[in-house]
Amino acid sequence: VLTSQLDNRFSEKSEVVSRTGMKHSAKPIGPDTNLLTLWQEMENPVDSNLVDESQFLTPKQVNDLALIVDYGEIDVWAFGLKNDAFNNLFPGSEELIIMADKLVELKTMCAFCERKAIMNVRTVDNVPVFSGEQVSIGDSNYYSVCRYHYSNMKQTRTLPE
C-alpha cells in the first residue's frame, strides 16, 4: 500500500485511514520516489499494489506503475481525484486516464442537492475560491458538487443555502 507524503489529515504519513476510521499501514511516497526502484527492492513479493491519493503521482510514476503491471505481472489499484478545485486535471490523474487498463468511477452526491457530484469546490472562510495553488491539503474546506452548483458558486462566490 502506497500513499502520498502530502496528505496526513487523518494520521501519520505511514498509513491510509478512511473517514470511518479504518487504517492500514502504507509506504509514503513523494514526487521524487522512484517506484521501479521501490518495487525492485521489496523483500516480499506482492500480488498487487494499492495507491491512495494517486492524483499526486507524477506522470513518470504512473508510467513506472504501468511497467510494473506489464513486466512484473502485478496488479495496481490507484485511487484518487480526477480534477482539482479549479476543474483542472491533476497531472497524475491525467496520466492515469491515458495509461489505465480500466477506469471505475466511484460516484458521490453533490453536497447541496441530489445530483451526481463531478467537481470539487474549495472554500476559505466559507467563501468559494477558484484560483490559487492546485494543492491545498484539507478536508473541511472542500465540497463535492454537481456542475450546476459549481457554476453557480463560481458566479456568485457564495455557498448555497
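Counting only heavy atoms from C-beta outward, the side chains of Trp39 and Leu67 never approach each other to under 4.5 Å. At a threshold of 4.5 Å between non-hydrogen side-chain atoms, the residues Trp77 and Asn49 do not count as touching. Considering only heavy atoms from C-beta on, Ile97 comes within 4.5 Å of Lys82 through its side chain. Between Ile74 and Val46, some side-chain heavy-atom pair lies under the 4.5 Å cut-off. Side-chain contact between Thr123 and Tyr143 is present, with heavy atoms from C-beta onward closer than 4.5 Å. The shortest distance between side-chain heavy atoms of Asp52 and Leu2 does not fall below 4.5 Å.
In the displayed structure, Tyr148 atom OH is contacted under 6.0 Å by at most 12 heavy atoms of other residues, nucleotides or ligands. Shown here is Gln40, whose CD atom has more than 12 heavy atoms of other residues, nucleotides or ligands within 6.0 Å. Within 6.0 Å of atom CG in Asp70, more than 12 heavy atoms from other residues, nucleotides or ligands are found, so the atom counts as buried in its surroundings.
Here the straight-line distance linking atom CG of Leu89 with atom CD of Gln55 works out to 11.5 Å at 0.5 Å rounding. Atom-to-atom distance recorded for His24:NE2 and Leu50:CG is 8.5 Å, nearest 0.5 angstrom. For the atom pair Asn83 CG and Glu94 CD, the distance stands at 11.5 Å (nearest 0.5 Å). With values rounded to the nearest 0.5 angstrom, Met153 atom CE is found 14.0 Å from Arg122 atom CZ. A distance of 9.0 Å separates SG of Cys146 from CG of Asn152, quoted to the nearest 0.5 Å. Atoms CG and NZ, on Asn87 and Lys154 in that order, are 7.5 Å from each other to the nearest 0.5 Å.
A pairwise comparison of heavy atoms in Leu38 and Thr33 identifies CD2-CG2, 4.4 Å as the closest pair. Taking each heavy atom of Lys102 and Val104 in turn, the nearest pair found is CE-CG2, 3.8 Å. Taking each heavy atom of Asn63 and Pro59 in turn, the nearest pair found is ND2-O, 2.8 Å. What you find for Ile68 and Leu35 is that their closest heavy atoms are CD1-O, 3.9 Å.
Aromatic pair Phe86/Tyr150: centroids not less than 6.0 angstrom apart.
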Please test Glu105 against Lys116 for salt bridge (charged side-chain N to carboxylate O under 4.0 Å, His left out), starting from the C-alpha separation and ending with a verdict. CA-CA 11 Å; Glu105 178 183 25; Lys116 177 180 162 186; 3.1 Å; yes

After noting the C-alpha distance and the side-chain angles of Thr158 and Val127, does the key distance pass the side chain to side chain contact (heavy atoms under 4.5 Å, CB included) rule? CA-CA 6 Å; Thr158 60; Val127 176; over 6 Å; no

Test side chain to side chain contact (heavy atoms under 4.5 Å, CB included) on Asp64 and Asn34 and set out the steps. CA-CA 8 Å; Asp64 288 349; Asn34 185 317; 4.2 Å; yes

Working for side chain to side chain contact (heavy atoms under 4.5 Å, CB included), residues Ser144 and Cys110: CA-CA 6 Å; Ser144 296; Cys110 177; over 6 Å; no

Please step through side chain to side chain contact (heavy atoms under 4.5 Å, CB included) for the pair Glu53 and Phe79, ending with a clear verdict. CA-CA 6 Å; Glu53 303 291 351; Phe79 297 87; over 6 Å; no

Check the pair Asn88 / Gln134 against side-chain hydrogen bond (donor to acceptor under 3.5 Å, both in side chains), numbers first and verdict last. CA-CA 9 Å; Asn88 299 307; Gln134 183 178 43; over 6 Å; no

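Hydrophobic clustering places Leu36 together with Val62 (ILVMFWY residues linked when any side-chain heavy atoms are closer than 4.5 Å, directly or through intermediates). Hydrophobic clustering of Ile, Leu, Val, Met, Phe, Trp and Tyr side chains at less than 4.5 Å, counting indirect connections, unites Tyr71 with Val51. No path of Ile, Leu, Val, Met, Phe, Trp and Tyr side chains, each step under 4.5 Å between heavy atoms, connects Phe56 with Ile29, placing them in separate hydrophobic clusters. Under a hydrophobic-cluster definition in which Ile, Leu, Val, Met, Phe, Trp and Tyr are linked whenever side-chain heavy atoms come within less than 4.5 Å, directly or via other members, Ile118 and Met109 are assigned to different clusters. In this structure, Val69 is a member of the same hydrophobic cluster as Ile98, with clusters built from ILVMFWY side-chain heavy atoms closer than 4.5 Å.
Using cut-offs of 30° and 60° for the angle between ring planes, the Phe112 and His149 rings count as tilted.
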